[in-house]
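Sequence lines set the chain letters: A, B, ... in the order given, protein chains first and strands last, and positions in each chain run from 1. Model, not experiment: these values are computed from the prediction. Computed from heavy atoms alone, side chains included, the values below leave out hydrogens, waters and symmetry copies.
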Protein chains: 2
Amino acid sequence: MPDDRWVPPTVLLAVDLVILTLRQSRLQVLLIQRGIEPYRGALALPGGFLSHDKEDLSAAAHRELSEEAGLGPDELHLEQLGFYGAPERDPRGRVVSAAYLAVAPRLPEPVPGTDASRACWMPVTQALAGESNLAFDHAEILTDGIHRAREKLERSALATAFCGPTFTISELQDVYEAVWGVTLDARNFYRKVQSVDGFIVAAGPTRKNVGGRPARLFRPGPRTILHPPMSRPQGPTSQEAT
Amino acid sequence: MPDDRWVPPTVLLAVDLVILTLRQSRLQVLLIQRGIEPYRGALALPGGFLSHDKEDLSAAAHRELSEEAGLGPDELHLEQLGFYGAPERDPRGRVVSAAYLAVAPRLPEPVPGTDASRACWMPVTQALAGESNLAFDHAEILTDGIHRAREKLERSALATAFCGPTFTISELQDVYEAVWGVTLDARNFYRKVQSVDGFIVAAGPTRKNVGGRPARLFRPGPRTILHPPMSRPQGPTSQEAT
DNA sequence: CAAATAGTGTCTGTGAGACACTATCAG
DNA sequence: CTGATAGTGTCTCACAGACACTATTTG
């Protein structure tokens, strides 16, 4: 029990980002090759310390998103993921990471020539393979982020955050299949997304393809909660949270 | 952009607890009347600062749980809930709260004569009523905690954490009804919990009641993920998370 | 025409909602 | 016996899985 003059310890607060997107029908994450110790040269999630005393946590997340990935706050899903003790992460003191999950639409090329040109997209399976090359406890954070994304696809309209402003139903199905690691029946998928009122709404006529019938375009609708939820097939990707 | 000698700002890290239980068939939360400024006299979630530099976050949560509620680490569900910026919470510096969600089984009496005798159980509806008397942003944290509990009842065996080591199916149904704020059909509830293999397993013969047929007793089973999930009726308690 | 992608019709099984029923206790 | 709580039988309807089908494009 501390005495009367006891003051609580302070910690360094870092913000780390799990930025997910879909590329080549695979779920991919943005990683940065570290330029400084510790874990110099290893791959890590984008992140950094608070820039100043009063900086809001979500503001810091958006700042990192912009600095390290060139992603603006628009058309982007960002939510809290959790905090991680990460003891002895840095010689400068006790560090606690506040992790955020971001979901970005398909992007033209890996990363623009931003601050961190060492950023790259990598399939999550590869990032987590082989007991991982990721720095710190970032493998755990990434695992939790993927798990969160999988869960939220069921109950929310998060899937549309993986797509651009307009998308086809096939593209949406692609998101579900890649994130969940399953294959879905097209007929049943159509029926489901169409039947949930306000999930997606028609936008424009059609989009031409390389060959095949043009697909209708949709935009995200006002509904953000899916009720009843999309049903996820019992897959090998079942894990327990927290 | 900070100069070369820039060092990141430090923050005070607090741990706050949303401790839920079921009392008189109502979802209740443990609150503490604050003895010090700020918000002296107001009700607040149990919590406090890290006790020392190396203390693990979940260890701190367990410590608070023991100090302020007299609850040991056994037979108790504890999980991370989120972090909260809580700017200007305390004159001693920038404070960030790490919130945890705890679920405790029915307890004999409100609180043993522990450190904080000013603790009391209160129905969550009352705690959140009237734009709230809760200190800091604790109303928001509590709301998020309730929301999390509601969600996890669907997909996990969290409901058993509200019960003692053994329980009847009626008691389990009571948990679902109180947390979700709905009424469920007993027949369908029976069918569901019995059909999910490993959710609950028979334990001992029966429990006598004040009058009526004795109920069979069950224990929590090995299954922690419910697949397919319990279906929650579309209720007025629908909210969106983070 | 064939190949490719988009989208539909429809059968069937599972499981949830509804609700009337039986079972076993205290008094 | 009555009242109370535990537990069952069973009908119906909504919806997910399966899968064969039609539609519209490029080359």
How far apart are the C-alpha atoms of Leu153(B) and Arg232(B), what are their side-chain angles, what is the distance that settles it, and do they pass the side chain to side chain contact (heavy atoms under 4.5 Å, CB included) test? CA-CA 9 Å; Leu153(B) 284 201; Arg232(B) 163 157 56 151; over 6 Å; no
In whole angstroms, the gap separating C1' of dT5(C) from CD1 of Ile169(A) amounts to 13 Å
Rounded to the Å, how far apart are Tyr176(B) OH and dG17(C) P? 13 Å
All heavy atoms of Asn133(B) vs all of Ala42(B), minimum pair found to be O-CB, 3.8 Å
Residues of residues 192-200 of chain B with any non-hydrogen atom less than 4.0 angstrom from an atom of DNA chain D: list those, numerically ordered, please. none
Taking all atoms of both residues into account, what is the closest heavy-atom pair of Thr21(A) and Pro105(A), and its distance? OG1-O, 3.2 Å
Identify, with sequence neighbours excluded, every residue that meets side chain to side chain contact (heavy atoms under 4.5 Å, CB included) alongside Ala60(B). Val15(B), Leu50(B), Glu55(B), Arg63(B)
Nearest-Å distance, CD (Glu171(A)) to C1' (dA6(C))? 12 Å
Side-chain donor or acceptor of Arg191(B) under 3.5 Å from a matching atom on the base of dG7(D)? no
Whole-Å distance, Arg216(A) CZ to dT24(D) P, equals 11 Å
Between Ser231(A) and dA16(D), is there a side-chain N or O to OP1/OP2 distance below 4.0 Å? no
Would Tyr84(B) and Asp16(B) count as having a side-chain donor-acceptor pair, cut-off 3.5 Å? no
Per-nucleotide protein contact string for nucleotides 19-27 of chain C (B base, S sugar-phosphate only, - none; heavy atom under 4.0 Å): B---BBBS-
Round to the nearest Å and state the distance from Leu217(B) atom CG to dT5(D) atom P. 17 Å
Rounded to the Å, how far apart are Phe189(A) CZ and dA18(D) P? 16 Å
Less than 4.0 angstrom from a charged side-chain N to a carboxylate O is my criterion; do Glu79(A) and Arg148(A) meet it? yes
Please examine the side chains of Ile200(A) and Ile169(A), heavy atoms only from C-beta on, and report whether any two atoms are closer than 4.5 Å. yes
